Amino acid sequence: MLSWISTLFSRPPPPGPELPSRLLHPGRGAPPPETDLEPALHKLEEHLFSWILDTNPAQLEKPALHGNLILPELETRIMEGKLEELPRQPMTLPMLLRGLSDENTDRSKLSKIILGDPALTDQLLQVVNSPFFRTGEQTIESVDQAIFIIGIDGIRSVISASLLRPMLAARNSSEALFAQRVWRWGLTCARSAEMIARLHGQDTNAFFMVGLFPALSYMTLRREVQRLYLVRLPSTEVEPQVICEALKRYDWKAAQLLANDWALPPRFVAQLLTAERPTPGEQHTPLNDGIILGTREVLRHAHQRNLPEEELRQVIQLTDQEFDRVRPAIAAMLKEGDPRSH
């Protein structure tokens, strides 16, 4: 999907022409060329765009009337780091990151940091009681109770989701469906990446947070395109093809801008860079596999075209035992969170 980021982070050029980066792509252990699943992943991305933009693939394939006006200016803003819709760093983020990375942080200290931000406290209690995090039938009613029940490790991901949730909430009715679907997709990808990281003994908190960044970049880019239309073409309806093209070209770049602007720890930025353009032959990261698995599952649950399970097993780098632990857990979360299933 996305060709970008070389201007933001200098790195030695690879031999030969550099291929565009994409959100979904196989890594080491992928099938041989005769059974290449790269086109299937490209199709999966297209199905994702059709779903979150609530349009059909034929519409997205039509030439955009105003793309040549909007997209170059969007690219200029990105390259100059001047996106007007780039979310500001949450005020409590630096303190929370320090507290969560400090092995000496106890439950009382962490609770005090959270309670110092009433808006974060409210968001946290909503998120921790959602199907993606709820551990039982009991409703969690306080921060102390949340930390006690799911532990400091569990509360890390809840905090990340609670910090980012307001930025992905709809501002008006025109973006309500997009916001709802992008949040659901982002949360599914982040939880998938977190579960895979836990199986592999890696940093679950880092992978969960960066797993939400593609969704946040989608929302940022949609709003930036909307803003450009209002300025350049105030009486023109935003074309879904232009939004789609913006997502294809600039989603990882927008995610990197966010990570840098928020001064995220180096290990977070490194995970985004590695997932954005993995070295051929290298092991997939939990972020790569989490995004692929999460995308497939959220589309499957929404009864959209997706990826057959046989191909999904081939393209992500999980053992059959690991796959059979993670995929059903993600599917159960999606089902529990769907009002139609109750």
Side-chain angles (χ1 to χ4, degrees), residues 1-2 19-49 51-52 132 157 182 184-215 218 248 251-252 255 270-302 304-335:
M1 179 177 171
L2 321 157
L19 297 175
S21 60
R22 299 184 65 88
L23 188 62
L24 309 178
H25 43 105
R28 193 187 73 184
E34 61 269 20
T35 55
D36 184 20
L37 292 174
E38 190 87 28
L41 289 178
H42 294 184
K43 282 291 185 183
L44 186 65
E45 287 178 343
E46 297 303 324
H47 299 326
L48 174 66
F49 293 143
W51 179 63
I52 62 174
F132 278 85
S157 297
V182 165
R184 192 170 182 81
W185 170 67
L187 201 53
T188 305
C189 292
R191 285 293 269 162
S192 299
E194 177 192 41
M195 289 182 182
I196 294 169
R198 181 173 292 112
L199 288 174
H200 295 170
Q202 299 188 49
D203 187 344
T204 57
N205 179 42
F207 280 109
F208 180 86
M209 176 170 274
V210 297
L212 285 173
F213 266 53
Y218 276 19
K248 285 182 178 181
D251 57 353
W252 282 117
Q271 294 301 345
L272 285 171
L273 281 169
T274 302
E276 187 266 340
R277 198 186 297 277
T279 303
E282 289 295 318
Q283 179 70 39
H284 250 191
T285 74
L287 182 55
N288 291 116
D289 285 339
I291 291 175
I292 294 172
L293 177 61
T295 299
R296 189 266 184 172
E297 288 306 307
V298 81
L299 289 174
R300 178 176 177 271
H301 182 79
Q304 303 295 305
R305 295 179 66 183
N306 53 81
L307 193 67
E309 183 171 315
E310 180 182 353
E311 294 182 0
L312 178 65
R313 286 179 180 269
Q314 287 181 286
V315 83
I316 63 176
Q317 295 171 19
L318 298 178
T319 66
D320 286 342
Q321 184 179 15
E322 290 170 339
F323 183 93
D324 291 337
R325 288 180 62 183
V326 176
R327 197 208 69 79
I330 293 298
M333 290 177 187
L334 286 165
K335 183 178 180 181

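Because the structure is predicted, anything quoted here is derived from the model rather than measured.
Here Leu44 contributes atom CG and Gln304 contributes atom CD; the two are 11.5 Å apart, rounded to the nearest 0.5 Å. The line from CD of Glu45 to NE2 of His47 is 11.0 Å long, rounded to the nearest 0.5 Å. With rounding to the nearest 0.5 Å, the separation of CG in Leu187 from CD1 in Ile330 is 8.5 Å. To the nearest 0.5 Å, atom CG of residue Asp203 and atom CZ of residue Arg198 are 11.0 Å apart. Summarising the geometry, atom CD belonging to Gln202 is positioned 11.0 Å from atom CG belonging to Leu287; distances are rounded to the nearest 0.5 Å. Note that CG of Leu299 and CG of Leu334 are 10.5 Å apart. Values are rounded to the nearest 0.5 Å.
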- Mind running side-chain contact (heavy atoms from CB on, under 4.5 Å) on Val315 and Leu307 for me, showing each step along the way? CA-CA 10 Å; Val315 83; Leu307 193 67; 4.3 Å; yes
- Query: Should Arg191 and Glu194 be marked as a salt bridge (charged side-chain N to carboxylate O under 4.0 Å, His left out) after you check the CA-CA gap, both sets of side-chain angles, and the distance that decides it?
  - Reply: CA-CA 5 Å; Arg191 285 293 269 162; Glu194 177 192 41; 2.4 Å; yes
- What's the verdict on side chain to side chain donor-acceptor pair (under 3.5 Å) for Glu297 and His301, showing C-alpha distance, side-chain angles and the deciding distance? CA-CA 6 Å; Glu297 288 306 307; His301 182 79; over 6 Å; no
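Considering only heavy atoms from C-beta on, Gln317 comes within 4.5 Å of Asp289 through its side chain. Counting only heavy atoms from C-beta outward, the side chains of Arg327 and Leu293 approach each other to under 4.5 Å. Side-chain contact between Leu318 and Asp324 is absent, with no heavy-atom pair separated by less than 4.5 Å. Residues Thr295 and Cys189 are in side-chain contact: their nearest non-hydrogen atoms beyond the backbone lie under 4.5 Å apart. Here the side chains of Phe207 and Ile196 are not in contact, with every heavy-atom distance at 4.5 Å or above. Two residues are said to be in side-chain contact when any heavy atoms from C-beta on lie closer than 4.5 Å; Asp320 and Arg313 meet this criterion.
The aromatic rings of Trp185 and Tyr218 sit parallel, their planes meeting at an angle under 30°, below the 60° perpendicular limit.
Evaluation of the side-chain hydrogen bond (donor to acceptor under 3.5 Å, both in side chains) rule for Asn205 yields no partner, not counting sequence neighbours.
Here Arg325 does not pair with Glu322 in a salt bridge; the nearest charged N to carboxylate O distance is not below 4.0 Å.
What you find for Gly211 and Ala190 is that their closest heavy atoms are C-CB, 3.9 Å. Minimum heavy-atom separation, Gly290 to Ser192: O-CB, 3.5 Å.
Judged purely by atom type and a 3.5 angstrom limit, Arg296 has no side-chain atom pairing as donor or acceptor with the backbone of Leu312.
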